[in-house]
Participant: 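Would you mind keeping the following structure in view while I ask a few things?
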There are 2 protein chains.
Amino acid sequence: MSRTERPRGGAEPGHGAPGRRGRITRELVVRTALRLMDAEGLEAVSMRRVARELGVEAMSLYHHVRDKEDLLDGVIEAAMAEFPVPEDHPDWREAGRRIARAWRALLKAHPHVLTLLAHRREPLAAAAVLRPVDRALAVLARAGLSPEETVRAFRAFGSYIQGFVLAELAHLFGEGEPTPSAEVDLGPILAELPALAAHLRYLAHCDFDEEFEHGLDLMIAGLEARRAET
Amino acid sequence: MSRTERPRGGAEPGHGAPGRRGRITRELVVRTALRLMDAEGLEAVSMRRVARELGVEAMSLYHHVRDKEDLLDGVIEAAMAEFPVPEDHPDWREAGRRIARAWRALLKAHPHVLTLLAHRREPLAAAAVLRPVDRALAVLARAGLSPEETVRAFRAFGSYIQGFVLAELAHLFGEGEPTPSAEVDLGPILAELPALAAHLRYLAHCDFDEEFEHGLDLMIAGLEARRAET
DNA sequence: GTTGACGCCTTACAGCGTACACCTATACTG
DNA sequence: CAGTATAGGTGTACGCTGTAAGGCGTCAAC
């Protein structure tokens, strides 16, 4: 824990020039890893490969990163930090939709971040994530919910968005007909699954953008219904 | 594709005894891998380790499994197949909740399955997944939705459930105060994030079971509101 | 009895994360 | 300015990974 302190955010404080000799920094290592991950996938992100990309030997990275897990944490954080807080909108529903869309866009821009998140088993206390959280809470609070309900709604929306992108990336939707190879004969299977058979037509294809919006509106409608109740 | 045909589901068809000599089968390999994964995590699932568990050498596995990816596909499928279709309920809302709970329970019973799913980039045409899908569709259809709306609702609910468990397993919720080490000083950060600061109390802890139900009810409410509209 | 296939094993290779030792140019100290 | 500490680079090595290639014994069928 005490080793390999991360360099604080804003460039070296005061004591001297920012290291004339040191060529690479944690920041640089992490960004290289992120770029590599986006371009060539998770498997491409090896210590040796990242190092080569920087014109350096693998072991050099360990002066800037505790181990590979720490590097990947940095990658998650770096991706999160890209979140572009969208412009506000007077209607809280539309403002919320914009945040949701931005979040989905971010997760799709760095598809493997979701894999990394799924892999984690400990909380990630990243300051970079907190800003989007704050924006989302602010918008939901404007919907006239109690603080407790606001947090609940935040979690529900967050779950939906992440789950949607997960399904989207893993192609969990649209798995019915369009499998071109038709590896398995669906006939006998469908005979036992009448509901599935009845909806196959609509399961077969999926306009993700449209579907995402519909789900979002569904939750918004639920929120308003609940608010009207109390 | 043509190599290593998976043994069809129902025991060897007719041509002779089921292999007197062959000691291990794809089924056995996959189940061993799943057990290992649940007990010791994803990293423990290596070809050598699974083989050792079966008292066999690593390369022997390749007679029953195309490669490691194929093995892990089998693991996903095996876990999915465990889905315990819950008893029906006259009220479609309660019936839906039961399916949702069962799905969440399954994903939590085999936490790494979600990681594997997140890792996938191609559709998984697993017959084992179709049965739960069928049940869910049947229940949602009873809510009085059009087929198209039924599929939409199915996707929305599925996204929510998977996203919730993802967040739950990665500890994405409950990240505010209770970090015991208090690695970072939240003070200065919170100054810029008023909404987050205001809700910190409720963000800090999370009763997952309760929260899950609330989100579920939120979506059900949305569904009913939309149904009332049209 | 011979043949052929199947199931398992051995060997080997390239790549992985990283512990450890070493070297060197820089930056601070006296 | 000389001396020294140290941060940041390198090289080597170990045990692990997935899997390609080939060998070998046992079984079923002709």
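Everything numeric here is computed off the predicted structure, so don't read it as measured data. Side chains included, hydrogens not; waters and symmetry mates left out as well; all remaining heavy atoms used. Residue numbers start from 1 in every chain, and the chains themselves are labelled A, B, ... in the order their sequence lines are given, proteins ahead of strands.
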Participant: Are Arg104(A) and Glu213(A) close enough for a salt bridge, meaning some N to O gap below 4.0 Å?
Facilitator: no
Participant: What's the closest nucleotide to the Ala58(A) side chain, out of dT18(C), dC8(C), dT17(D)?
Facilitator: dT18(C)
Participant: Closest to the Met59(A) side chain: dT17(D), dT10(C), dT18(C)?
Facilitator: dT18(C)
Participant: If you check the Tyr62(A) side chain, which of dG17(C), dC9(C), dT10(D) turns out closest?
Facilitator: dG17(C)
Participant: Taking the minimum atom-to-atom distance to the side chain of Arg48(B), which one of dT18(C), dT17(D), dG8(D) wins?
Facilitator: dT17(D)
Participant: If I take atom CZ in residue Arg23(A) and atom C1' in nucleotide dT10(D), what distance separates them, rounded to the nearest angstrom?
Facilitator: 11 Å
Participant: In whole Å, what is the span from the CD atom of Glu57(A) to the C1' atom of dT18(C)?
Facilitator: 14 Å
Participant: Just to verify, which of Val129(A), Val133(A), Ile99(A) counts as forming a side-chain contact (heavy atoms from CB on, under 4.5 Å) with Phe83(A)?
Facilitator: Ile99(A)
Participant: From the set dG18(D), dG8(D), dT18(C), return the single nucleotide nearest to any side-chain atom of Lys68(A).
Facilitator: dT18(C)
Participant: From CG of Asp70(A) over to C1' of dG17(C), roughly how many Å is that when rounded to an integer?
Facilitator: 14 Å
Participant: Could you check Ser60(A) against Ala44(B) and say which one's nearest nucleotide on DNA chain D is further toward the 5' end?
Facilitator: Ser60(A)
Participant: Within this structure, what is the CG-to-C1' distance between Leu71(B) and dT19(D), rounded to whole angstrom?
Facilitator: 14 Å
Participant: Please report the shortest heavy-atom distance between Asp38(A) and Pro111(A), naming the atom on each side.
Facilitator: OD1-CD, 4.3 Å
Participant: Ala51(A) and Leu61(A): which non-hydrogen atoms are nearest, and at how many Å?
Facilitator: N-CD1, 3.9 Å
Participant: Considering only side-chain heavy atoms of His63(A), which listed nucleotide, dC8(C), dG11(D), dG9(D), is closest?
Facilitator: dG9(D)
Participant: In whole angstroms, how far is the C1' atom of dG7(C) from the CD1 atom of Ile24(B)?
Facilitator: 9 Å
Participant: Atom CZ of Arg49(A) to atom C1' of dT18(C): distance rounded to whole Å?
Facilitator: 20 Å
Participant: Can you tell me if His64(A) touches the phosphate of dG9(D), counting only side-chain N or O atoms and a distance under 4.0 Å to OP1 or OP2?
Facilitator: yes
Participant: Tell me the interatomic distance from Glu43(B), atom CD, to dG17(C), atom P, rounded to whole angstroms.
Facilitator: 13 Å
Participant: Measuring only between side-chain heavy atoms, which start at C-beta, is His110(B) closer than 4.5 Å to Val75(B)?
Facilitator: no
Participant: Rounded off to whole Å, could you give me the CG-to-C1' distance for the Leu72(A) and dC16(C) pair?
Facilitator: 13 Å
